[in-house]
Amino acid sequence: MSQIVIRPNGPLEGTIQVGGAKNAALKLMAASLLAEGEYHLRNVPAITDVDTMAELLTCMGVAVTRPAPHEVILRRGADCGYEAPYELVERMRASIVVLGPLLGRVGRARVAMPGGDDFGSRPIDMHLSGLEQMGATFEVRHGYIEATADQLLGARIVLEFPSVGATENLLLAAVLAKGTTFIENAAREPEIADLAAFLNRMGAMIVGAGTSTIEIEGVEDLEPADHTVIPDRIEAATYLAAVALAGGEITIEGARPDHMDMLIRKLGDMGMRIAPSSSGLWALANRRLMSVDVSTLPYPGIATDYKPLFVTMLSVADGIAIVTENLFAGRFRYVSELIRMGADIRTEGRHAVVRGVERLSGAPVRASDIRAGAALVVAGLAAEGETVVADAEHIDRGYEEFPERLRSLGAQVFRADDASDGG
Ligand code: EPU
């Protein structure tokens, strides 16, 4: 089990390069199941979730290589397996995204049923019901979803909620379906627009991705394509939270301010100064943060992935804030860890009341998921004394060289082994 040690070291300063978006890269890789040939993806983050997706595709017969740290080449042969084993789905829920392309291209799929996780129960009913409306049939046997479809047919699918994963699975299935599919109440995240751009480059006919209605005219066949992954807005937000907590002035190169409108506005309300720069985003934090209420919503609202960062920032802000989670009911697990660091937070159902304290105090804490882990590390920047975040392997699922990158801004953040060497 890996640990990250954080020692406060004053304001941050410098320039940092944001990586490619995890939640775009994983889905682009899965799209390689759709057509035989070689794909070249650039700006792919070197994180363990990408390794897991590579492992999953490899066990389906796709050859995955990394010619450079942020490049991935996928070679899909004529034959392709159709099973996503439990061991990988359990490790990474995003594995479920292979269901749509397998049904569209291979006509069958055997995918382990994802269980609950640290966000509480996370159903996939919308994925299955949408695919069913396109003609797929499902059976759950021995913990696996066994799916078949002779030929998927276009359909008008209205999602109950703009689910990111369901929108992506349906998009990946519909590109090879016979006829036209409409996805209504589709998720509008930038990662979906990126996936659609890639699929269109492969020969798909998709319009409206990034809006609530996506229209997909099925095509006979697709061909491989090259693509550069969009920057990771959640990683960029994490560095903004780091500077908000430690104080200082940083530039985040490669960040897309247009993907982060609402976040930038909220952080402005909290007293930070953030502005687009020629290369990305510039941010300054030179006074105590002010409390604001935060409510998570599907894009373009405040992302649920930003919430642990907000709760952490509000823990030391001036005033009282109410934070409401509208996506994942169970996503407050890290709160007890922040309380161990001296935060004053009360949760009730989907709400948390955060009373800002002057200062947190370093403590041993545990990461329960990727974003909670990252939030605890940045909490350590604003704490007195040393903080040790255990189970840090969760953080490595979504952040490349997190301690190293924070160190490049002047923070004292180390892996436990390096820290004991006096690093
Ligand atoms: N939902 C259902 N039924 C479904 C699908 C979703 O009830 O069939 C519910 C979920 O339980 C949840 C809500 O709908 O309450 C939203 O879930 P969504 O499907 O949008 O989330 P996801 O696709 O499982 C992706 C990201 C998450 C991010 C959410 C929300 C990936 C790999 N994951 O998950 O990112 O929090 O969208 O924006 O893209 C992360 O990166 O750490 C992460 C967890």
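Both ligands and their constituent atoms are indexed starting at 1 by order of listing.
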Taking the six-membered ring of F332 (Phe, Tyr or Trp), confirm whether the NZ or CZ of K307 is under 6.0 Å from its centre and within 45° of its axis.
yes
Throw together a table of side-chain donor-acceptor distances under 3.5 angstrom for residues 42-50, partners on residues two or more places apart or in other chains.
unit_1: N43; atom_1: ND2; unit_2: V229; atom_2: O; d: 2.9
unit_1: T48; atom_1: OG1; unit_2: D396; atom_2: O; d: 3.2
unit_1: T48; atom_1: OG1; unit_2: R397; atom_2: N; d: 3.3
unit_1: D49; atom_1: OD1; unit_2: R397; atom_2: NE; d: 2.7
unit_1: D49; atom_1: OD1; unit_2: R397; atom_2: NH2; d: 3.4
unit_1: D49; atom_1: OD2; unit_2: R397; atom_2: NH2; d: 3.1

Pairs of nitrogen or oxygen atoms closer than 3.5 Å, one from A166 and one from ligand 1: do any exist?
no
Within the side chain of Y144, is there an N or O that forms a donor-acceptor pair under 3.5 Å with the backbone of E83?
no
Tell me if a side-chain donor or acceptor on R256 pairs with a main-chain N or O of H259 at a distance below 3.5 Å.
no
Over-ring placement of R110 relative to Y82, 6.0 Å and 45° cut-offs:
no
Under 4.0 Å, heavy-atom basis, I'd like to know which part of E160 is in contact with ligand 1: side chain, backbone, both or neither.
neither
Does A303 have a heavy atom less than 4.0 Å from any atom of ligand 1?
no
When you measure from atom 10 (C) of ligand 1 to each heavy atom in F328, Y306, F161, which option holds the nearest one?
F328
Taking only heavy atoms of T304 into account, list the atoms of ligand 1 that are under 4.0 Å away from them.
30 (C), 36 (O)
If you count the atoms of ligand 1 from 1 in the order shown, which ones are under 4.0 Å from a heavy atom of K27?
31 (C), 32 (C), 39 (O)
Considering only NZ, NE, NH1 and NH2 on the basic side and carboxylate oxygens on the acidic side, decide whether E191 and K22 come within less than 4.0 Å.
no
Considering P298, S163, P123, P162, which one's heavy-atom position lies nearest to atom 11 (O) of ligand 1?
P123
Can you name the atoms of ligand 1, numbered from 1 with element, that are less than 4.0 Å from a heavy atom of G165?
19 (O), 23 (O)
Checking heavy atoms under 4.0 Å, the part of E168 that sits near ligand 1 is neither
For atom 42 (O) of ligand 1, which of the options R93, M126, R371, E235 provides the nearest non-hydrogen atom?
R371
Salt-bridge test for E55 and R91: reply yes if a basic N is under 4.0 Å from a carboxylate O, no otherwise.
yes
Anything under 30° is parallel, anything over 60° is perpendicular, the rest tilted; go ahead and classify Y399 against F402.
tilted
Taking heavy atoms and a distance under 4.0 Å, where does D125 meet ligand 1: side chain, backbone, both or neither?
both
Counting from 1 in the order shown, the ligand 1 atoms closer than 4.0 Å to a non-hydrogen atom of A94 are 32 (C)
Listing, residues 338-354 side-chain donor-acceptor contacts under 3.5 Å, not counting sequence neighbours, or none:
unit_1: R340; atom_1: NH1; unit_2: P364; atom_2: O; d: 2.2
unit_1: R350; atom_1: NH1; unit_2: E325; atom_2: O; d: 3.0
unit_1: H351; atom_1: ND1; unit_2: T324; atom_2: OG1; d: 3.0

Residue portion contacting ligand 1 (non-hydrogen atoms closer than 4.0 Å) for V164:
both
